[in-house]
There are 2 protein chains.
Amino acid sequence: MASKIDTTEEPPILRPFFRKLNRLVQLADEDEQAILSLPARLEEVPSGHDLVREGQEVRECCLLLQGYACRHKSTEEGGRQIVSFHLPGDMLDLQHLLFPVADHNVQAVTAATVAWIPTADLQSIALERPAVGQALWRDTLIDASIFREWVLNVGRRDARSRLAHMLCEFAARRQAAGLGSPEHFTLPMSQEQIGDATGLTAVHVNRMLRSLREEGVIEQKNKAIRIVDWEGLRRIGGFDPTYLHAAA
Amino acid sequence: MASKIDTTEEPPILRPFFRKLNRLVQLADEDEQAILSLPARLEEVPSGHDLVREGQEVRECCLLLQGYACRHKSTEEGGRQIVSFHLPGDMLDLQHLLFPVADHNVQAVTAATVAWIPTADLQSIALERPAVGQALWRDTLIDASIFREWVLNVGRRDARSRLAHMLCEFAARRQAAGLGSPEHFTLPMSQEQIGDATGLTAVHVNRMLRSLREEGVIEQKNKAIRIVDWEGLRRIGGFDPTYLHAAA
DNA sequence: CGACAACTTGACGGGCGTCAACCGGAGTGG
DNA sequence: CCACTCCGGTTGACGCCCGTCAAGTTGTCG
């Protein structure tokens, strides 16, 4: 939970963020300079740390630099639903750029390092540099598209398909973000968290993962996943990457 | 399906749209003028008509003027999931402002009249009038917030709670949009559509509506709904309107 | 090496899907 | 004005998928 203040460390800290925005909208050199020189407060947090809590007033947006994170909501009875997972380079709460109070929680899935960027500075850059504003807007629109797909996933697919779909999405987003092979990677979340994301219980997640293993579409050793039969997994999950809009 | 061309009929056509944006961000008189003089092509469509189809290239955004609409996606096996319902005044596909190809379908739930506004003109106004751009962005962010709540709804609530929550949301949005009493209204969608929105079957929707009636929290006569015990319904659905951000 | 969390597996039950039959209202044609 | 049709709503019987509970195993970190 060490927290140091690096207001403007020129070299590379926000470069992954710039690369992502530049994939969404072609940016000019001045845009790049403006993004890279945004003030950012670095923080390293342990696995499970709450980065933003529902109801909290937010003055800094949270950019994920290393590790994995998720966003989640809860019912009054305590049922927990994860609504998205996030990879390094993702902005975790861009909606706070226009809404000052959080309507859901953001949590670190693994140990993670994040950069806090004042919402006021992001607002300025979005207003003064239309291309940057458009890239940020596009990012939130992709978010929304993924939410829609998740509504479909938990609403209309059976347990095995939901899991297959989740694995496909995770692999596809990893690849799109340039984080390595989509066929062999480590799945950072616990089976409990996978259940919270798919609307299942941890027990049933375990059963269905076994089923996918026995089917021969994936191999699994602890958190290491290997997708053996991509087309098979794709078919089981009904996965069509269009909704990711080639990014996220 | 009559379709006439009224490019700029000054009086009131886009006024509901302006009022909605003005609730999201305080707009200036010039903003109002710019919005009201947007070119709009009116169309009247029958119940069930597809307004936008997945995969289609979109050059006009669709604004709902009268009637009700929904957006939906399907699994490869044909399972249908409605991801949102829409009221008069709602923009049905604002994401097409930045993404040219539809990743889901838009459909009229009742007979409806819509206004088609060229995406190019909306883009211009969003770029040249920051307040309008911000209002539009906010609108898409509220959309996203509602999607997150729906993921929670279908993922973590039982059938009765899902229905109660859906009724609460519909009533609250009606009221926020100034469409009349939140306690007594007509529910425009069929039980099949309610099922598609909540991840249930029409049969089970019917059973749970009966349960809510027997509980005494609602009265129902055909499509006419009366919420007898708002606090009871709210509690059953675990409804907290914060996620609506006082608008939509 | 001990403690604790996460994973694994089995037994059992219930919520919701499926199938099927019937009803009722709205539109249509004679 | 009535018969016919059709779509949506209503209700019951039955079964399965997935939740729940519980016990045991494995992995991990101090």
Check: Hey, where on DNA chain C does chain A first and last touch, going 5' to 3'? Cut-off is any atom under 4.0 Å from a heavy atom.
Finding: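 Footprint of chain A along DNA chain C, 5' to 3': C:dC7 to C:dA11.
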Next item on the list: Kindly state which residues belonging to residues 199-207 of chain A come within less than 4.0 angstrom of DNA chain C, counting heavy atoms of the residue only, listed by number.
Entry: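 Residues of residues 199-207 of chain A under 4.0 Å from DNA chain C: A:V203, A:N206, A:R207.
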Check: Considering only heavy atoms, which members of residues 220-228 of chain B lie under 4.0 Å from some atom of DNA chain C?
Finding: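 When residues 220-228 of chain B is checked for heavy atoms under 4.0 Å from DNA chain C, there are no hits whatsoever.
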Would you kindly give the [atom1]-to-[atom2] distance between [X] and [N], to the nearest whole Å?
X	N	atom1	atom2	answer
B:R213	D:dT11	CZ	C1'	12 Å
B:D158	D:dC18	CG	P	17 Å
A:R210	D:dC18	CZ	P	14 Å

Item checked: Evaluation steps, salt bridge (charged side-chain N to carboxylate O under 4.0 Å, His left out), between B:R148 and A:D103 -> CA-CA 10 Å; B:R148 287 191 291 271; A:D103 60 27; 3.3 Å; yes
Check: Is it true that atom CZ of B:R59 has more than 12 heavy atoms of other residues, nucleotides or ligands lying nearer than 6.0 Å?
Finding: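 No - once you tally the heavy atoms of other residues, nucleotides and ligands closer than 6.0 Å, there are 12 at most.
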I'd like to know if [X] pairs up with [Y] as an ion pair, taking the criterion as any Lys NZ or Arg NE/NH1/NH2 lying under 4.0 Å from an Asp or Glu carboxylate oxygen.
X	Y	value
B:E54	B:K73	no
B:E77	A:R156	no
A:E76	B:R234	yes

Next item on the list: I would like to know whether A:F99 and B:Y243 meet ring-ring contact (aromatic ring centres under 6.0 Å, His included); could you show each step before the answer?
Entry: CA-CA 11 Å; A:F99 290 110; B:Y243 73 95; over 10 Å; no
Next item on the list: Return yes if a side-chain donor-acceptor contact under 3.5 Å exists between A:H165 and A:E149, otherwise no.
Entry: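 The criterion, which ignores hydrogens and geometry beyond distance, is satisfied for A:E149 and A:H165.
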Item checked: Aromatic plane relationship, B:W230 with B:F239 - under 30° parallel, 30 to 60° tilted, over 60° perpendicular ->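 The rings of B:F239 and B:W230 stand perpendicular, inter-plane angle above 60°.
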Note to self: Reading DNA chain C from 5' onward, which residue's closest nucleotide shows up sooner: A:S190 or A:R156?
What the structure shows: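 Checking each residue's closest nucleotide, the 5'-ward one belongs to A:S190.
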Margin query: B:R71 and side-chain hydrogen bond (donor to acceptor under 3.5 Å, both in side chains): which single residue from B:H86, B:Q81, B:Q107 fits?
Written below: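 Among B:H86, B:Q81, B:Q107, the one that satisfies the side-chain hydrogen bond (donor to acceptor under 3.5 Å, both in side chains) with B:R71 is B:H86.
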Next item on the list: Indicate the atoms forming the closest heavy-atom contact of B:G216 with B:V228, along with that distance.
Entry: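 Taking B:G216 first and B:V228 second, the nearest heavy atoms are O-CB, 3.6 Å.
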